[in-house]
Amino acid sequence: QVQLVESGGGLVQAGGSLRLSCAASGTIFNFYTMGWFRQAPGKEREFVAAIVESGDSTYYADSVKGRFTISRDNAKNTVYLQMNSLEPEDTAVYYCAATYGRRWPMIPSYWGQGTQVTVSS
């Protein structure tokens, strides 16, 4: 069973930055495509970014391209989401997700519990 634990959320002013982390356990991390999704109040969960198991390909939602960067450290079983130039519209619960193999589009098999990101104007 794969366990995913997010950290790094919080309150930040518009224009600021945050880095989210997701630590994975219970599996061979470098066999999994990893991703970040988010869900704002009253909205459906949406894709944010993904990185394949080797780290050599990344994918982003149009709304975050140029502002967010996904990366992974397979030695630490951790995936990161660096978020810069944050906007109030980025306010949401951010979820880490995993799916086995090299998968795009990503359809998650495992989810973390989520971490709240709030961007004030």
Side-chain angles (χ1 to χ4, degrees):
Q1 189 73 1
V2 178
Q3 293 86 42
L4 304 173
V5 179
E6 302 98 333
S7 60
L11 174 64
V12 64
Q13 288 188 332
S17 299
L18 282 175
R19 188 175 84 154
L20 305 183
S21 300
C22 172
S25 61
T27 189
I28 301 175
F29 180 71
N30 59 357
F31 285 1
Y32 286 77
T33 292
M34 302 297 296
W36 291 94
F37 290 71
R38 68 186 181 185
Q39 187 166 19
K43 295 187 177 181
E44 293 188 352
R45 192 171 297 187
E46 64 176 4
F47 168 76
V48 175
I51 185 166
V52 298
E53 81 289 9
S54 62
D56 61 0
S57 291
T58 57
Y59 305 90
Y60 296 93
D62 288 344
S63 59
V64 306
K65 278 182 183 176
R67 300 188 299 121
F68 290 12
T69 302
I70 189 170
S71 61
R72 65 191 295 159
D73 185 337
N74 286 348
K76 295 183 178 180
N77 287 5
T78 301
V79 62
Y80 305 97
L81 185 68
Q82 178 66 45
M83 306 185 294
N84 298 329
S85 302
L86 282 161
E87 303 167 353
E89 293 73 25
D90 296 316
T91 295
V93 177
Y94 283 70
Y95 296 91
C96 179
T99 189
Y100 185 81
R102 190 180 186 94
R103 294 284 184 267
W104 181 255
M106 179 182 183
I107 300 176
S109 298
Y110 303 97
W111 294 94
Q113 82 288 351
T115 186
Q116 176 71 46
V117 172
T118 302
V119 184
S120 63
S121 57

Without swapping roles, check the side chain of [X] against the backbone of [Y] for a donor-acceptor pair under 3.5 Å.
X: S85; Y: R67; result: no
X: R72; Y: G55; result: no
X: N74; Y: E53; result: yes

Q. Any side-chain heavy atom of V48 sitting closer than 4.5 Å to one from M83?
A. no
Q. Quick one: does E6's side chain get under 4.5 Å of L81's, heavy atoms only?
A. no
Q.
Listing request: all side chain to side chain donor-acceptor pair (under 3.5 Å) pairs with a residue in residues 8-22, at least two apart in sequence or in separate chains.
A. S17-N84
Q | Hydrophobic cluster partners of L11 (side-chain heavy atoms under 4.5 Å) | A | none
Q) Members other than V52 in its cluster, when Ile, Leu, Val, Met, Phe, Trp, Tyr link by side-chain heavy atoms under 4.5 Å? A) F37, F47, Y59, V93, Y95, W104, M106, W111
Q) In chain order, what residues pass the ring pair (Phe, Tyr, Trp, His ring centres under 6.0 Å) check against Y100, with sequence neighbours excluded? A) Y32
(Q) Testing the basics here: between C96 and V79, what is the closest heavy-atom pair and its distance to 0.1 Å? (A) SG-CG1, 3.9 Å
Q | Listed partners of Q3 passing side chain to side chain contact (heavy atoms under 4.5 Å, CB included), at least two apart | A | Q1, S25
Q.
Applying salt bridge (Lys or Arg N to Asp or Glu O under 4.0 Å), can you list everything that pairs with K43, at least two apart in sequence or on another chain?
A. none
